[in-house]
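For reference, the structure discussed in these notes is given below.
Every chain is numbered from 1 and lettered A, B, ... according to where its sequence line falls, protein lines coming before strand lines. These numbers were taken from a predicted model, which means no experiment stands behind them.
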Protein chains: 2
Amino acid sequence: MQDILFEFISKYVSLTEEEKNVIVSLDIFHSVKKGTVLLKEGQKSKNSYFVLKGCIRTYYVLDSEEKTTGFYTEMEAFTPPCVISKTPSDFYISCIEDTILTVSNSDMELEVNSKFPKFETVCRILSEELLAKQRMDFDEFKTSSPEQRYLNLLQKRPDLIQRVPQHQLASYLGIKPQSLSRLRTRILEKDKG
Amino acid sequence: MQDILFEFISKYVSLTEEEKNVIVSLDIFHSVKKGTVLLKEGQKSKNSYFVLKGCIRTYYVLDSEEKTTGFYTEMEAFTPPCVISKTPSDFYISCIEDTILTVSNSDMELEVNSKFPKFETVCRILSEELLAKQRMDFDEFKTSSPEQRYLNLLQKRPDLIQRVPQHQLASYLGIKPQSLSRLRTRILEKDKG
DNA sequence: ATAACACGTTCACTTAAGTTAAGAAAAGAC
DNA sequence: GTCTTTTCTTAACTTAAGTGAACGTGTTAT
């Protein structure tokens, strides 16, 4: 299971056995049950996550309604903005499946960064890449209609549509569950006709 | 003028006079006229930008229509995704005002990073911060209506609404110029009533 | 087993954005 | 200055998303 993390890191730098041992000894691997809430609105946290298996989701509660904004699955890393800004979180993170993930905190990263300078390089490249990727996702979202966004998601992350409840997908697409349902039947009828 | 860059960097690390001189000697400061296109769709580029004065904008051309996705003004840095992914750009960058900016390329950064390790730390922190900030912007966009997004922009970046043409603002808000115009009169009438 | 709840779909109705077109106002070119 | 182009607004009409409610299904709890 840990190999998944090392496979991920190896995309950026190669690690020695010693370095791998240091990471393992940090005891960051955790197994959590479906439904577990990892972070609540209002909490302060220094934790970053890397999903080895399963799926976690970020959501806001606005007007006592859940607004899902992100899903993180196998081989995806996530650092909540509140960790960077050092302010209370304004959203929740929970597991929508039984999940195996790593939980690392920013103090730990600071320490590892100073011991292994190449780790800082990994962090730099990773966040540069994520920033670029997220910017493209944002641009795509802005420039397309809900229907296009759904079709797009179907292409890029077909697994999500299978494993995630529709009402969570809907707010992820920026619409209401009823609209997603309607939009799907509209697409099906186009395919037929 | 260069002091603006140093003021910006000083938020992350303090620079010695020698280090400042190295940066100045790189000759990255440029003055460009309104309307200048800095990057075209299809081009490859290694350039990152930092705006000292003025405003640059990123936009796609889809179905021969411009879709504006970003504005960068004083003290804002921008690295196009194509620089990270090393693929041809799928959008344009142009100056919507006479602009003074720095243009640095990734080879240069690689060199500076190895000469001054603390520069890599600046880059890491900066991209982590931008990533967190952008995620919050994206979340806000997803969870609000066009009208809310406009009101939000009015609060957060009131200058943009003054200095940017409406049709560019509209696509930045994910709507058509006519809808923005209508939405504005709708808000005005609410204020009255 | 049954009650309670969560989830997805459907429908009728409301609201707002997209579309097309026309005209006024402002900015830029000559 | 005038002419041209761009920008912004307005209006009528179309399309799609939001809203509120009902219903069927499937799951959870007791």
Axial bend angle, the helix from C:dA1-D:dT30 to C:dC30-D:dG1: five-pair end segments, nearest 10°: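 Computed from the C1' atoms at both ends, the axes differ by 50°.
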Residues A:E128 and B:T79: side-chain donor-acceptor under 3.5 angstrom: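 Judged by distance alone, the side chains do not pair up.
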Side-chain donor-acceptor pair present, B:E66, B:S171, cut-off under 3.5 Å: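 Per modelled atom types, B:E66 and B:S171 side chains form no pair under 3.5 Å.
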Donor-acceptor contact below 3.5 Å, side chain A:T99 vs main chain A:C95: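 Absent.
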Do [X] and [Y] make a side-chain contact, defined as non-hydrogen atoms from C-beta onward lying under 4.5 Å apart?
{"X": "A:K20", "Y": "A:Q2", "value": "no"}
{"X": "B:Q134", "Y": "B:F138", "value": "no"}
{"X": "A:T69", "Y": "B:T143", "value": "yes"}

Whole angstrom value for the distance that separates [atom2] of [N] from [atom1] of [X]:
{"X": "B:K176", "N": "D:dC13", "atom1": "NZ", "atom2": "P", "result": "22 Å"}
{"X": "B:E66", "N": "D:dT6", "atom1": "CD", "atom2": "C1'", "result": "12 Å"}
{"X": "B:I175", "N": "C:dG18", "atom1": "CD1", "atom2": "P", "result": "6 Å"}
{"X": "A:E147", "N": "D:dA16", "atom1": "CD", "atom2": "C1'", "result": "10 Å"}
{"X": "A:I187", "N": "D:dA16", "atom1": "CD1", "atom2": "P", "result": "11 Å"}
{"X": "B:E189", "N": "D:dT10", "atom1": "CD", "atom2": "C1'", "result": "12 Å"}
{"X": "A:L173", "N": "D:dG18", "atom1": "CG", "atom2": "P", "result": "11 Å"}
{"X": "B:L183", "N": "D:dT10", "atom1": "CG", "atom2": "P", "result": "13 Å"}

Distance below 4.0 Å between B:K34 side-chain N/O and C:dG28 OP1 or OP2: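 Answer is yes, contact under 4.0 Å.
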Residue list, side-chain hydrogen bond (donor to acceptor under 3.5 Å, both in side chains) with A:R186, at least two apart or on another chain: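 Listed in chain order: A:E147.
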A:Y92 and A:Y59 aromatic ring geometry - parallel, tilted or perpendicular at 30°/60° bounds: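 A:Y59 vs A:Y92 ring planes: parallel.
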What are the atom names and distances for every N/O pair under 3.5 Å that joins the protein to nucleotides 6-15 of chain C?
unit_1, atom_1, unit_2, atom_2, d
C:dG8, OP1, A:Q166, N, 2.8
C:dG8, OP2, A:Q166, N, 3.3
C:dG8, OP2, A:H167, N, 3.1
C:dG8, OP2, A:H167, ND1, 2.9
C:dT9, OP2, A:S181, OG, 3.4
C:dT9, O5', A:S181, OG, 3.4

Residue A:E41 excluded, over 12 heavy atoms near CD under 6.0 Å: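 Yes - once you tally the heavy atoms of other residues, nucleotides and ligands closer than 6.0 Å, there are more than 12.
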